[in-house]
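In what follows, a structure is listed as structure tokens, so that the remarks can point back to it.
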Amino acid sequence: MLVYPSSIDLSSRILRFLTTRLRARQREIGTRWRRLPVGRQALLVLAHLRCGDTYARLAAGFGIGVATVYRYIREVLDLLAAATPALTEAMKTVWAKAFVILDGPLLSIDRIAAGTPYYAGKHKRHGMNVQVLTDPSGRLLWASPALPGSTHDLTAARRHGIIDVLAEADVKCWADKAYQGAGRPVRVPFRGPRLKRWKQRHSSTHAKIRCLSEQAIATLKGWRLLRKLRCSTNRITNIVKAVVVLHHAST
């Protein structure tokens, strides 16, 4: 197999952050020897998440076995997922904002054989539902665990406790029509084919605010692995959590 040098569009700050975390973990568990030093293992994981490189490509590029690549990536994903703040902790940041935006992007998967639970009728494809909270500037604040794509956005928001937490904190939230009926903290546009002019203006203004969430979704999918996931659906939540931690480490 031919091997060539490549690049990752990430700053060295993220690499240092991940290397520090991984080194502390290896000291904690008493690791003595690895096929790759800590910095190279961190680089391998970033190449997988950011560029979507497969285990086989990474194995060839780093000169190790495919099984070793799998173990290295899983170790780091579990480490980062454990460091992800819970929704109640994230609310400390959310509470300081004038409002937040709630959206539920679909992360595409290739497990079409899984059947109905993962098929999202809204998007006409199989995937996983992730709820995302964005600040008024379009910055990603928090992302939920992944649920099967057939889960309705409002159902997912309630299952994660997002609606209750926003109501308790008295934080205003903008969302799309999928969250109709969420209650007082969540503001949605008006529905119907023939709206009065003032309702049309309200919905137009609402859409201009809500579209800022697309920046946060683009931030997530800037990590190319999330554009088309080919792993077990049980691992997707940890991947999302790891990406959120790395994103916050770079800002």
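The figures here come from the full heavy-atom set of this structure, side chains too, leaving out hydrogens, waters and symmetry mates. This one's a predicted model, so the numbers in the text were calculated from it and none came from an experiment.
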Under a 4.5 Å cut-off applied to non-hydrogen side-chain atoms, are [X] and [Y] in contact?
X	Y	answer
Asn129	Gln131	yes
Asp103	Glu214	yes
Met128	Ile109	yes
Ser250	Arg13	no
Val171	Lys97	no
Phe99	Cys173	no
Ser108	His126	no
Val94	Asp135	no

Pairing of [X] and [Y] as salt bridge, 4.0 angstrom limit:
X	Y	answer
Glu28	Arg23	no
Arg158	Asp153	no
Arg125	Asp110	no

Query raised in the report: Is Phe17 reachable from Leu43 through a run of hydrophobic residues whose side-chain heavy atoms are each under 4.5 Å from the next?
Result: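 In one cluster: yes.
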Requested in this report: Treat each ILVMFWY residue as a node, draw an edge where side-chain heavy atoms are under 4.5 Å apart, and state whether Leu212 and Ile217 are in one component.
Outcome: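 They do not share one cluster, since no chain of ILVMFWY contacts under 4.5 Å joins Leu212 to Ile217.
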Exam field: side chain [X] to backbone [Y], donor-acceptor pair closer than 3.5 Å:
X	Y	answer
Thr84	Leu80	yes
Thr151	Leu147	no
Thr219	Gln215	yes
Ser204	Gln200	no
His152	Leu154	yes
Ser137	Arg139	no

Can you name the closest pair of heavy atoms from [X] and [Y] and give their distance?
X	Y	result
Asn238	Ala81	OD1-CB, 3.4 Å
Tyr179	Gly104	OH-N, 3.4 Å
Ile163	Ala182	CG2-O, 3.3 Å
Leu18	Ala42	CD2-O, 3.6 Å
Gly39	Thr19	CA-OG1, 3.8 Å
Ala242	Leu77	CB-CD2, 3.7 Å

Requested in this report: Would you sort out whether Val186 and Val188 count as a side-chain contact (heavy atoms from CB on, under 4.5 Å), showing the intermediate values?
Outcome: CA-CA 6 Å; Val186 180; Val188 298; 4.1 Å; yes
Would you compute the distance between atom [atom1] of [X] and atom [atom2] of [Y] and round it to the nearest 0.5 angstrom?
X	Y	atom1	atom2	value
Leu102	Leu141	CG	CG	11.5 Å
His248	Thr93	NE2	OG1	8.0 Å
Lys228	Lys221	NZ	NZ	11.0 Å
Ile239	Leu107	CD1	CG	9.5 Å
Tyr55	Asp53	OH	CG	12.0 Å
Ile101	Leu133	CD1	CG	10.0 Å

Would you say that more than 12 heavy atoms from the other residues, nucleotides or ligands in this model lie under 6.0 Å from the [atom1] of [X], or not?
X	atom1	value
Glu168	CD	no
Lys172	NZ	no
Arg50	CZ	yes
Arg235	CZ	yes

Report task. Kindly indicate, with the supporting measurements, whether the criterion side-chain contact (heavy atoms from CB on, under 4.5 Å) is fulfilled by Tyr72 and Leu36. Result -> CA-CA 9 Å; Tyr72 281 178; Leu36 292 181; 3.9 Å; yes
Query raised in the report: Can you name the one residue among Glu75, Arg71, Arg35 that meets side-chain hydrogen bond (donor to acceptor under 3.5 Å, both in side chains) with Gln41?
Result: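 That would be Glu75; it is the only one of Glu75, Arg71, Arg35 passing the side-chain hydrogen bond (donor to acceptor under 3.5 Å, both in side chains) with Gln41.
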Query raised in the report: Between Arg159 and Thr155, is any side-chain donor less than 3.5 angstrom from a side-chain acceptor?
Result: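 No, Thr155 and Arg159 have no side-chain donor paired with an acceptor closer than 3.5 Å.
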Report task. Under the salt bridge (charged side-chain N to carboxylate O under 4.0 Å, His left out) rule, what do Asp170 and Arg184 come out as? Steps first, then yes or no, please. Result -> CA-CA 9 Å; Asp170 195 23; Arg184 181 179 56 82; 3.3 Å; yes
Query - Geometric class of the Trp174/His206 ring pair [parallel <30°, tilted 30-60°, perpendicular >60°] - result: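 Rings of His206 and Trp174: tilted, 30 to 60°.
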Report task. State which residue, out of Val100, Leu140, Val240, fulfils the side-chain contact (heavy atoms from CB on, under 4.5 Å) condition with Val132. Result -> Leu140
Requested in this report: Carefully, step by step, assess Leu44 and Arg40 under the rule side-chain contact (heavy atoms from CB on, under 4.5 Å).
Outcome: CA-CA 6 Å; Leu44 181 150; Arg40 294 285 289 173; over 6 Å; no
